[in-house]
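One structure below.
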Amino acid sequence: MSGSDQGKGSDVLDVQDRVRFEQLVLPHLDAAFNLARWLLKSRADSEDVAQEAMLRAYRFFRGFHGGDARAWLLQIVRNTCYTWLEKNRPVELMTEFDEELHPQPSASPEALAIAGDNRERLTRALETLPPRFREVLVLRELEGCSYKEIASITAIPIGTVMSALARARQRLQRALVPPSPQEASREL
Amino acid sequence: MSCDYTRTALHGYLDGELDATRSAEFERHLEGCRECTASLGAEESLRASLQRGGLYEKAPVALRKKIRADLDAATSSSAGTRIPAWRWLAVAAAFLIAASVSWFAWPRVQNSVDSSPFTAAELIDAHVRSLQPGHLTDVASTDQHTVKPWFDGKLAFVPPVKDFADEGFPLVGGRLDVLGGQTVAALVYSRHKHVINVFVLPTKQPDTPIHTPGLRQGYQWRHWRRQGMEYCAISDVSDSDLYELAQLIYQ
């Protein structure tokens with residue numbers, strides 16, 4: 001886990017901490033679960049990991065000095081998810097994040113709309129993306145996070161959030177509406 | 001296929017993250033760039049799909065429960081003395097009520113609609129007084145048939161007395177006490193070595209259910225009326241224990 005969310009981890013927590021935690025952090029449990037679910041692609045595993053992350057957040061709560069509680073929690077959830085993935089599904093983490101953004105024609109809005117209307121297809125497409133692409137999309141489109149929040153949650157520089165999203169969206173389009181054989185051959 | 005804008009600034013524009021200058025600049029560019037116009041259309045369509053696709057998955061109720069249990073455990077084991085969170089919420093609520101009426105006045109135990117004839121301060125004083133050596137009981141007996149007749153002739157009413165040892169609340173005894181200027185019956189129960197005082201006095205008010213807990217100085221109480229009697233149980237045990245006893249007496 002990165003140092004920033006650890007704070008003074010071994011503090012003794014009293015009832016006032018508990019009340020503050022209930023007010024500030026617990027309301028973001030849905031956000032925590034949703035992020036875990038999309039990172040781990042499994043509801044059952046997400047329950048375990050979200051539970052672990054929440055307890056971890058509580059233990060480090062004295063290290064939280066105000067500010068954006070959701071981003072603070074999601075950072076811990078994300079770290080817990082990656083630790084879990086490293087241990088249980090290391091292959092998924094082997095995709096390079098900084099792969100080249102290939103110039104590629106956009107799929108037509110109509111084709112995307114048709115494909116995107118199918119929830120299962122959309123879910124599958126999202127799940128084929130490497131976790132680092134998936135998370136920026138989930139944070140942006142489902143969680144409504146700002147670039148600044150995405151940067152603090154995913155520990156990437158704020159200047160690269162925009163290009164990370166650009167890549168992620170291109171990958172999602174491609175997964176949703178695969179390029180026709182002619183376009184594919186032209187790309188090669 | 002090589003418009004640089006498509007790859008980056010378009011996304012900042014789509015996400016509303018460009019500053020005013022760059023945003024205007026992109027809009028000017030958009031007027032003359034078919035590629036960016038098409039791309040923007042595609043991205044907007046994709047975003048709409050993602051946002052209306054019902055993809056957001058909320059935490060299951062079971063998880064919420066598990067987490068609360070975790071937090072309880074983490075709070076009690078590390079803090080040594082376990083004080084449940086609701087107590088603090090009750091403190092906060094009590095403060096709000098007190099502040100809205102008068103900061104220094106002791107509010108009645110219940111609100112004015114069905115206020116008890118004694119204040120929270122008197123109630124706590126009586127409870128604390130009972131804990132001093134030799135003050136707990138005038139008649140020490142776990143036998144309800146000993147305690148009940150003892151009150152005979154000492155009060156203008158007969159308090160219902162029952163032992164709940166089988167339910168984990170053994171009767172310890174009874175005594176006379178003064179609460180709000182009135183002589184009342186005090187029944188003493190114990191729960192895991194903690195003392196629970198149940199004050200009983202007659203009332204002409206209609207029955208009320210067992211009220212939400214009151215709390216002050218670490219003591220909590222439950223108040224109710226039943227068949228012409230006014231009851232107030234006070235202790236430092238957990239509220240769930242207190243409520244359990246209140247329910248047993250209420251039946």
Side-chain angles (χ1 to χ4, degrees), chain A residues 11-19 21-22 26 29-34 37-38 43 46-47 50-51 54-55 58-59 101 103-113 115-119 122-123 126 137-138 140-144 146-148 161-163 165-167 169-170 172-173 176, chain B residues 1-3 6-18 35-36 38-60 62-64 66-89 91-92:
Chain A
D11 281 332
V12 173
L13 291 148
D14 59 28
V15 177
Q16 276 157 306
D17 293 317
R18 170 71 192 269
V19 172
F21 190 81
E22 293 239 1
L26 220 50
L29 176 60
D30 283 336
F33 180 76
N34 184 56
R37 182 259 169 265
W38 284 105
R43 280 185 71 90
S46 305
E47 278 198 45
Q51 186 183 359
M54 204 48 110
L55 188 57
Y58 189 49
R59 294 216 169 101
L101 184 66
Q104 182 217 2
S106 315
S108 78
E110 295 75 25
L112 278 173
D117 261 351
N118 184 327
R119 186 178 179 274
L122 199 55
T123 302
L126 252 179
L137 277 176
V138 167
R140 176 65 219 167
E141 306 294 14
L142 301 187
E143 202 52 57
S146 67
Y147 284 11
K148 193 174 157 219
V161 173
M162 192 156 72
S163 62
L165 271 166
R167 288 195 189 93
R169 283 169 173 151
Q170 192 190 57
L172 182 63
Q173 278 196 27
L176 207 53
Chain B
M1 294 306 125
S2 57
C3 180
T6 315
R7 291 180 219 166
T8 50
L10 182 142
H11 293 270
Y13 179 76
L14 180 74
D15 293 322
E17 293 265 352
L18 293 187
E35 192 196 330
C36 277
S39 267
L40 192 62
E43 296 299 354
E44 277 169 348
S45 164
L46 190 65
R47 148 167 300 175
S49 296
L50 284 170
Q51 291 183 347
R52 66 156 181 263
L55 299 175
Y56 198 102
E57 298 205 21
K58 292 191 170 183
L63 174 62
R64 215 169 274 274
K66 277 191 258 175
I67 286 169
R68 283 192 193 277
D70 280 353
L71 298 186
D72 280 343
T75 310
S76 63
S77 62
S78 48
T81 53
R82 182 178 184 278
I83 308 172
W86 67 262
R87 273 201 190 184
W88 288 96
L89 296 174
V91 168

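Chain naming here is simple, since letters A, B, ... match the order of the sequence lines and numbering starts at 1 in each.
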Would you give the length of the straight line joining atom CZ of R169(A) to atom CG of L137(A), rounded to the nearest 0.5 angstrom? 6.5 Å
Option that, when pairs with chain B are counted at under 4.5 Å, heavy atom only, ranks first among T123(A), L26(A), L176(A): L26(A)
Side chain / backbone / both / neither for S46(A) at chain B, heavy atoms under 4.5 Å: neither
Nearest 0.5 Å, what's the CG-CE distance between L10(B) and M162(A)? 9.5 Å
So for S49(B), is it side chain, backbone, both, or neither that comes closer than 4.5 Å to the heavy atoms of chain A? both
Tell me whether W38(A) contacts the main-chain N or O of L55(B) through its side chain, where contact means a donor paired with an acceptor under 3.5 Å. yes
Using non-hydrogen atoms and a 4.5 Å limit, figure out which bit of A32(A) sits close to chain B: side chain, backbone, both or neither. neither
Is there a donor-acceptor contact under 3.5 Å from the side chain of R18(A) to the main chain of T75(B)? no
Roughly how far, to the nearest 0.5 Å, is the OH atom of Y147(A) from the CZ atom of R140(A)? 6.0 Å
Between G54(B), P60(B), G12(B), which shows the greatest number of heavy-atom pairs under 4.5 Å with chain A? P60(B)
Inspect the contact between R47(B) and D15(B) and indicate whether a charged nitrogen and a carboxylate oxygen are less than 4.0 angstrom apart. yes
Below 4.5 Å, heavy-atom pairs only: which of L29(A), L55(A), L165(A) has the largest tally toward chain B? L29(A)
Heavy-atom contact with chain A under 4.5 Å, split by part of R68(B): both
Judged by modelled atom types alone, do Y56(B) and Q51(B) share a side-chain donor-acceptor pair under 3.5 Å? no
Against chain B, label L142(A) side chain, backbone, both or neither, depending on which of its atoms sit under 4.5 Å from a heavy atom there. both
Identify which of R37(A), M54(A), K148(A) forms the greatest number of heavy-atom pairs closer than 4.5 Å to chain B. R37(A)
